[in-house]
Amino acid sequence: MKDSNADHSCTSPKTPNFRQRRRLNEILPDINKSNGILLLANDKYKYKSMWIRAYSSLWMLACVALIIYMGHLYIWAMMVVIQIFMARELFNLLRIANQDKRLPKFKLLNWHFFFTAMLYVYGRILSQHLVNTVTSDKFFYRLVSKLIKYQMVICYFLYIAGFVWFILSLKKRYYKYQFGQYAWTHMILIIVFTQSAFMVANIFQGIFWFLFPALLIAMNDVAAYFFGFFFGKTPLIKLSPKKTWEGFIGASVATMIAAFTWLTCPRKDLSTGWLECDPDPIFKPDYIPMLGLVPHGIPEKEIAVLPVQWHALWLGLFASIIAPFGGFFASGFKRAFKIKDFGDSIPGHGGFTDRMDCQMVMAVFVYIYHQSFVVPHDYSIDVLLDQIMRDLGFEDQLALYTKLGQILQERHLL
């Protein structure tokens with residue numbers, strides 16, 4: 001009987017349902033150890049894994065560097081592609097192949113909600129940038145202004161169309177599965193868009209506010225890996241047994257050092273040309289006197305420090321201590337579903353979701369920090385004009401400027 005089962009397992013085709021069961025049973029090897037822990041320093045395959053990760057990392061670094069060189073709009077496009085991959089990985093997590101076969105076009109409903117959410121989120125974030133892009137053409141300016149004005153209504157009815165589609169697609173015996181997929185889809189939209197939308201907003205504040213936090217997270221991740229690789233002996237948290245205190249502390253110190261060490265112009269439209277701007281005061285050096293701290297033989301009596309470096313310390317502190325908990329959350333999530341990685345898109349790293357867990361947590365903090373402690377909270381002329389351009393249509397703006405001209409002319413005559 002045992003041989004018969006073995007023969008059947010060897011000859012049976014790998015159906016989607018079989019692959020689904022196999023994927024769900026891919027439990028991390030450290031769970032099966034007697035003590036429940038397999039530290040990276042004791043892993044006999046660690047060097048092979050390290051070279052695979054290093055090779056993939058170099059390719060990712062080259063691609064990202066090229067995209068950053070191309071500018072804001074291309075970075076945003078990269079984020080959209082990453083979001084699509086993340087959504088696909090998370091959508092597939094709870095799919096059951098044999099039930100999906102009996103629900104034709106049900107997968108399309110997930111993507112309908114996804115792109116509706118994308119239209120709503122990015123429409124709100126980039127509406128003013130789009131207006132600034134088409135101001136030279138009166139027809140397109142009016143068209144875009146109308147689309148922005150009714151963008152919320154359009155997105156609402158797109159969502160309602162998806163809701164009605166979902167209700168009409170309900171089938172007996174599959175209610176629980178379908179409602180579970182509906183709830184899961186909405187949770188994915190919250191996870192992916194609520195956090196990554198902040199990252200896109202950071203891009204248009206200046207690439208620095210996207211790139212620098214991303215590099216801090218990457219630095220922390222690489223440092224934690226190598227400190228744990230060579231020195232890791234003390235487990236840090238049960239959710240991620242390969243994480244060690246040595247890796248965590250070493251990465252924190254390295255990240256704080258790196259944080260105190262271009263790309264500063266904000267983008268106010270969706271064009272792709274080079275930007276030139278007067279650097280923000282936080283990127284201009286302050287000179288701190290070092291009286292009494294410098295030996296007499298050294299001529300320099302002051303040290304130049306950029307104000308942004310003090311901000312960088314706070315960002316580095318968050319990246320090294322708080323952001324890793326996004327990775328711990330993802331580790332616990334994967335263990336709940338008994339999988340090793342969210343996907344296999346990036347050799348040695350897993351899926352895009354595995355790479356973006358800490359980045360998402362960091363992006364939200366950077367946006368809130370930038371708006372609270374970096375952006376000046378005064379009503380300058382530029383701020384008022386941006387608000388006018390955002391809230392008024394073309395005719396209203398023209399009427400306002402005409403009225404202002406009349407007021408200025410009257411005051412000049414007086």
Side-chain angles (χ1 to χ4, degrees), residues 57-84 86 118 121-122 124-133 192-193 195-222 255 258-285 306-316 318-319 323 352 355-356 358-376 382-383 386:
S57 298
L58 288 175
W59 273 105
M60 286 192 294
L61 181 62
C63 293
V64 171
L66 176 61
I67 292 171
I68 290 173
Y69 174 79
M70 296 171 70
H72 300 70
L73 195 62
Y74 295 94
I75 301 174
W76 171 48
M78 176 185 71
M79 289 305 307
V80 171
V81 172
I82 290 174
Q83 286 176 335
I84 292 174
M86 290 177 63
M118 180 179 289
V121 171
Y122 290 142
R124 303 294 291 178
I125 293 176
L126 303 179
S127 59
Q128 185 55 44
H129 299 80
L130 187 59
V131 169
N132 293 341
T133 305
V192 173
F193 278 109
Q195 299 187 75
S196 57
F198 288 102
M199 188 174 289
V200 173
N202 293 337
I203 293 170
F204 287 91
Q205 293 290 342
I207 296 179
F208 174 87
W209 298 106
F210 162 79
L211 180 60
F212 182 70
L215 289 177
L216 287 180
I217 293 296
M219 174 69 190
N220 185 262
D221 187 50
V222 171
T255 304
F260 199 71
T261 48
W262 86 97
L263 305 171
T264 60
C265 292
R267 171 68 75 179
K268 296 186 178 181
D269 56 26
L270 297 181
S271 61
T272 57
W274 287 99
L275 280 174
E276 293 184 5
C277 66
D278 185 27
D280 192 278
I282 66 171
F283 298 104
K284 297 179 180 178
L306 299 177
V308 73
Q309 289 178 285
W310 303 116
H311 296 298
L313 285 177
W314 291 107
L315 298 182
F318 187 92
F352 280 87
R355 288 296 85 211
M356 296 299 293
C358 299
Q359 295 283 2
M360 295 297 183
V361 177
M362 186 70 185
V364 177
F365 172 75
V366 171
Y367 179 83
I368 294 173
Y369 183 92
H370 182 266
Q371 295 297 316
S372 301
F373 300 107
V374 179
V375 175
D382 290 338
V383 172
D386 283 343

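The residues of the chain are indexed from 1 along the displayed sequence. Both backbone and side-chain heavy atoms feed into the values below; hydrogens, waters and symmetry mates do not. Quantities reported herein were computed from a predicted structural model and do not represent experimental measurements.
Note that CG of D221 and CG of L216 are 12.5 Å apart. Values are rounded to the nearest 0.5 Å. Atoms OG1 and CG, from T255 and L215 in turn, are 11.0 Å apart once rounded to the nearest 0.5 Å. Of the inter-residue distances, the one linking Q371 atom CD with Q205 atom CD reads 5.0 Å to the nearest 0.5 angstrom. Here the NE2 atom belonging to H311 is positioned 9.0 Å from the NE2 atom belonging to H370, to the nearest 0.5 angstrom. From M356, atom CE reaches atom CE of M79 across 4.0 Å, with rounding to the nearest 0.5 Å.
In terms of heavy-atom proximity, A319 sits nearest to I217 at CB-CD1, 4.0 Å. The nearest pair of heavy atoms linking M118 to V80 is CE-CG1, 3.7 Å. For the pair C358 and A323, the tightest heavy-atom approach, listed with the atom from each and the gap, is SG-O, 3.4 Å. Minimum heavy-atom separation, W209 to V366: O-CG1, 3.6 Å. The minimum heavy-atom distance linking P307 with K284 is given by the pair CD-O, 3.0 Å.
Every residue meeting the ring-ring contact (aromatic ring centres under 6.0 Å, His included) condition with F365, not counting sequence neighbours, appears here in chain and number order: F318, Y369. Q83 meets the side-chain hydrogen bond (donor to acceptor under 3.5 Å, both in side chains) test with Y122, S196; sequence neighbours excluded. Under the rule for a side-chain contact (heavy atoms from CB on, under 4.5 Å), the partners of A197 that lie at least two apart in sequence or sit in another chain are V121, I125.
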Task: Intermediate values then yes/no, side chain to side chain contact (heavy atoms under 4.5 Å, CB included), F212 and N202 - done: CA-CA 11 Å; F212 182 70; N202 293 337; over 6 Å; no

- [ ] Evaluate the criterion side chain to side chain contact (heavy atoms under 4.5 Å, CB included) for residue pair I82 and R355; output intermediate values, then yes/no.
- [x] CA-CA 10 Å; I82 290 174; R355 288 296 85 211; over 6 Å; no

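With contacts defined as side-chain heavy-atom distances shorter than 4.5 Å, the pair M78/I75 qualifies. Residues M362 and L315 form a side-chain contact, since some pair of their non-hydrogen atoms from C-beta on lies under 4.5 Å apart.
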Could you tabulate the donor-acceptor pairs under 3.5 Å formed by side-chain atoms of residues 57-68, not counting sequence neighbours?
{"unit_1": "S57", "atom_1": "OG", "unit_2": "R53", "atom_2": "O", "d": "2.7"}
{"unit_1": "S57", "atom_1": "OG", "unit_2": "H349", "atom_2": "NE2", "d": "3.0"}
{"unit_1": "W59", "atom_1": "NE1", "unit_2": "Y55", "atom_2": "OH", "d": "3.1"}

